[in-house]
Amino acid sequence: MIFSSLIGLLLLLPQSFAFVPNSVGRTFLSPTITSLAMSEERYTIADQPARFARAKRENNQRYLDITTVYDPSLLQGKRVAVTGANRGIGLALAKELAAAGAKVIGIVRSSSPELDALNPEEVVTGIDVTDDAKCAALSSQIKGGAIDVLINNAGYFKEEVERLDTLDFPDQLKTIDICACGPLRVASSLINGGLLKEGSKIVMITSQGGSVGWREVQCPTGGDYGHHMSKAAANMMSVLLANEVRSKGIAVGVFHPGFNKTEMTAKYKEIWEIEGAVDPSVGAKRVLHETNQLSMETSGKFINCEDGLEIPW
Ligand SMILES: NC(=O)c1ccc[n+]([C@@H]2O[C@H](COP(=O)([O-])OP(=O)(O)OC[C@H]3O[C@@H](n4cnc5c(N)ncnc54)[C@H](OP(=O)(O)O)[C@@H]3O)[C@@H](O)[C@H]2O)c1
């Protein structure tokens with residue numbers, strides 16, 4: 001009787017669980033890959049090595065070769081503004097956009113020779129996204145008129161891991177200011193200045209680190225307080241903004257760009273290959289593919305650009 005009840009209970013459970021190692025070698029309770037594959041329609045997998053391993057096992061071309069789905073021609077002639085376009089993913093976005101025939105508007109603290117070499121339509125320098133006045137005046141510095149897509153890419157992640165004995169509250173506030181308030185300063189300037197209109201898109205590059213639901217799997221021992229709090233705040237900001245601009249016909253995407261080999265993640269170099277980190281040129285194409293997919297119907301959703309599936313809040 002007890003045995004048959006247990007079997008019944010197991011059959012009713014939506015997922016089975018197993019003990020698996022995470023990227024830092026610790027063991028934790030996780031839904032098994034098979035059960036996750038069954039529930040893949042809506043949500044992607046929290047366990048990044050398992051996510052990458054499954055993509056390879058299933059030869060998932062959407063994940064492994066973004067060029068099989070990304071259509072750059074959809075961006076031709078579009079005016080696309082990118083914050084942090086001087087390096088990292090932002091520079092890779094600018095390169096892909098230029099290659100697609102889009103008109104790039106770089107919004108940066110200072111430009112770089114690589115960005116200048118792309119001959120962008122405009123480069124607005126001196127924009128620190130934590131500066132209220134500079135951001136408010138941003139729309140008046142963009143000369144060429146309406147913008148089709150704003151990609152809020154600029155971000156920050158403290159080099160050292162924060163733990164209880166290394167908490168850095170000023171740095172936490174700085175991170176929240178850059179990653180959560182910064183994109184709102186930039187977006188509000190361009191909306192209030194009339195540059196983002198009906199049909200325009202706003203992309204918020206946040207991070208899977210902002211998913212509260214995924215902390216059990218990705219941070220079973222805590223840590224990285226400032227960065228993860230900032231990205232959770234960025235997610236909240238993005239949904240509020242998506243709701244506020246819905247009546248204006250502006251769509252807001254909330255994107256995790258995937259794991260990219262940039263200065264920001266150089267501290268994780270030893271796990272780049274295990275966890276499927278990619279060259280930023282790949283990450284940029286993934287972001288631009290999801291930008292092309294973004295519509296009023298998908299506005300406000302939190303999407304993993306690696307596989308196009310949702311991340312739970
Ligand atoms: N790399 C990944 O695997 C990964 C994963 C998830 C999410 N992300 C997100 O993707 C975005 C780009 O990351 P990345 O890897 O390219 O980082 P990165 O190489 O460190 O580049 C960061 C960019 O943000 C700009 N920035 C930083 N603070 C700023 C400020 N106060 N005002 C204006 N611009 C500022 C930097 O400009 P300066 O040159 O002036 O410092 C730089 O252009 C970030 O939002 C990051 O959180 C990245």
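What you are looking at is a predicted structure, and each value in this text was computed from that prediction instead of being measured. Whatever order the structure lists them in is the order used to number ligands and atoms, beginning at 1.
At most 12 heavy atoms of other shown residues, nucleotides or ligands fall within 6.0 angstrom of atom NZ in K78. Summarising the local packing, CD of E198 is surrounded by 12 or fewer heavy atoms from other residues, nucleotides or ligands at distances under 6.0 Å.
In terms of N/O distances under 3.5 Å, ligand 1 is not approached by S207. Below 3.5 Å of separation, one finds an N or O of G155 facing an N or O of ligand 1. Where the criterion is an N or O separation shorter than 3.5 Å, residue side chain and backbone included, R87 meets it with respect to ligand 1. No N or O atom of G88 sits closer than 3.5 Å to an N or O atom of ligand 1. For K231, a nitrogen or oxygen atom sits less than 3.5 Å from a nitrogen or oxygen atom of ligand 1, counting backbone and side chain alike. Distances between N or O atoms of V129 and those of ligand 1 include at least one value under 3.5 Å. Between G90 and ligand 1, a contact under 3.5 Å exists for no N or O pair. In terms of polar-atom proximity, defined here as any N/O pair under 3.5 Å, D128 does make such a contact with ligand 1.
Using a 4.0 Å cutoff on heavy atoms, P257 counts as a contact of ligand 1. Under a 4.0 Å heavy-atom criterion, I107 is not in contact with ligand 1. Under a 4.0 Å heavy-atom criterion, A277 is not in contact with ligand 1. Put simply, part of T206 is less than 4.0 Å from ligand 1, judged by heavy atoms.
The protein heavy-atom contact nearest to atom 16 (O) of ligand 1 is I89 N, 2.8 Å. Atom 3 (O) of ligand 1 has its closest protein heavy atom at N260 N, 2.7 Å. Looking only at protein heavy atoms, the nearest one to atom 43 (O) of ligand 1 is N86 OD1, 2.7 Å. Taking atom 29 (C) of ligand 1 as the reference point, the nearest protein heavy-atom neighbour is R109 CZ, 3.5 Å. For atom 1 (N) of ligand 1, the closest heavy atom belonging to the protein is T262 OG1, 3.2 Å.
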C305/H289 under side-chain contact (heavy atoms from CB on, under 4.5 Å): CA gap, chis, key distance, verdict: CA-CA 8 Å; C305 293; H289 174 65; over 6 Å; no
- request: Assess whether salt bridge (charged side-chain N to carboxylate O under 4.0 Å, His left out) is satisfied between D168 and K158, documenting all intermediate values.
  value: CA-CA 10 Å; D168 184 344; K158 182 181 166 74; 3.0 Å; yes
message: One pair to check against salt bridge (charged side-chain N to carboxylate O under 4.0 Å, His left out): R109 and D131. What are the steps and the verdict?
response: CA-CA 11 Å; R109 291 198 282 202; D131 189 315; over 6 Å; no
- request: Go through I311 and H256 one step at a time and tell me if the side-chain contact (heavy atoms from CB on, under 4.5 Å) criterion holds.
  value: CA-CA 9 Å; I311 299 175; H256 168 61; 3.6 Å; yes
- prompt: Please walk me through it: do V278 and R286 pass side-chain contact (heavy atoms from CB on, under 4.5 Å)?
  reply: CA-CA 11 Å; V278 294; R286 287 170 164 171; 3.7 Å; yes
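The contact set between ligand 1 and F259, taken as ligand atoms under 4.0 Å from a residue heavy atom, comprises 3 (O). Taking a cut-off of under 4.0 Å to the non-hydrogen atoms of G258, the atoms of ligand 1 that pass are 2 (C), 3 (O), 4 (C), 5 (C). Every atom of ligand 1 is numbered from 1 in the order shown, and the set under 4.0 Å from a heavy atom of T265 is 1 (N), 2 (C), 3 (O). The contact set between ligand 1 and A154, taken as ligand atoms under 4.0 Å from a residue heavy atom, comprises 24 (O), 25 (C), 26 (N), 34 (N), 35 (C), 45 (O). Of all atoms in ligand 1, listed by their number and element, those nearer than 4.0 Å to a heavy atom of I205 are 9 (C), 10 (O), 11 (C), 45 (O). In the vicinity of N153, heavy-atom distances shorter than 4.0 Å reach the ligand 1 atoms 11 (C), 12 (C), 44 (C), 45 (O). The ligand atoms of ligand 1 that sit less than 4.0 angstrom from a heavy atom of G84 are 43 (O).
Within the 3.5 Å criterion, the main-chain N or O of N260 finds a donor-acceptor partner in the side chain of T265. Looking only at distances, no side-chain donor or acceptor of S189 sits under 3.5 Å from a matching main-chain atom of R185. The main-chain N or O of L75 is never found under 3.5 Å from a side-chain atom of N292 such that the two would form a donor-acceptor pair. The closest donor-acceptor contact from the side chain of S211 to the backbone of P312 lies under 3.5 Å.
L150 and L195 fall within the same hydrophobic cluster, where Ile, Leu, Val, Met, Phe, Trp and Tyr residues are linked whenever their side-chain heavy atoms come under 4.5 Å apart, directly or through other members.
The proximity of I178 to ligand 1, defined as any non-hydrogen pair under 4.0 Å, is limited to the side chain. Only the side chain of H256 comes within contact range of ligand 1, with a heavy atom under 4.0 Å; no backbone atom does. Neither the backbone nor the side chain of L91 comes within 4.0 Å of ligand 1, counting heavy atoms alone.
Across the listed options K134, M264, R185, E275, M264 owns the non-hydrogen atom lying nearest to atom 13 (O) of ligand 1.
Put simply, the residue from Q218, Q208, E306 that forms a side-chain hydrogen bond (donor to acceptor under 3.5 Å, both in side chains) with Q48 is Q208.
K56 is listed as a side-chain neighbour of L64, based on a closest heavy-atom distance under 4.5 Å. In this structure the side chain of I178 never reaches within 4.5 angstrom of the side chain of T175, judged on heavy atoms.
The aromatic rings of Y268 and F259 sit perpendicular, their planes meeting at an angle over 60°, well past the 30° parallel limit.
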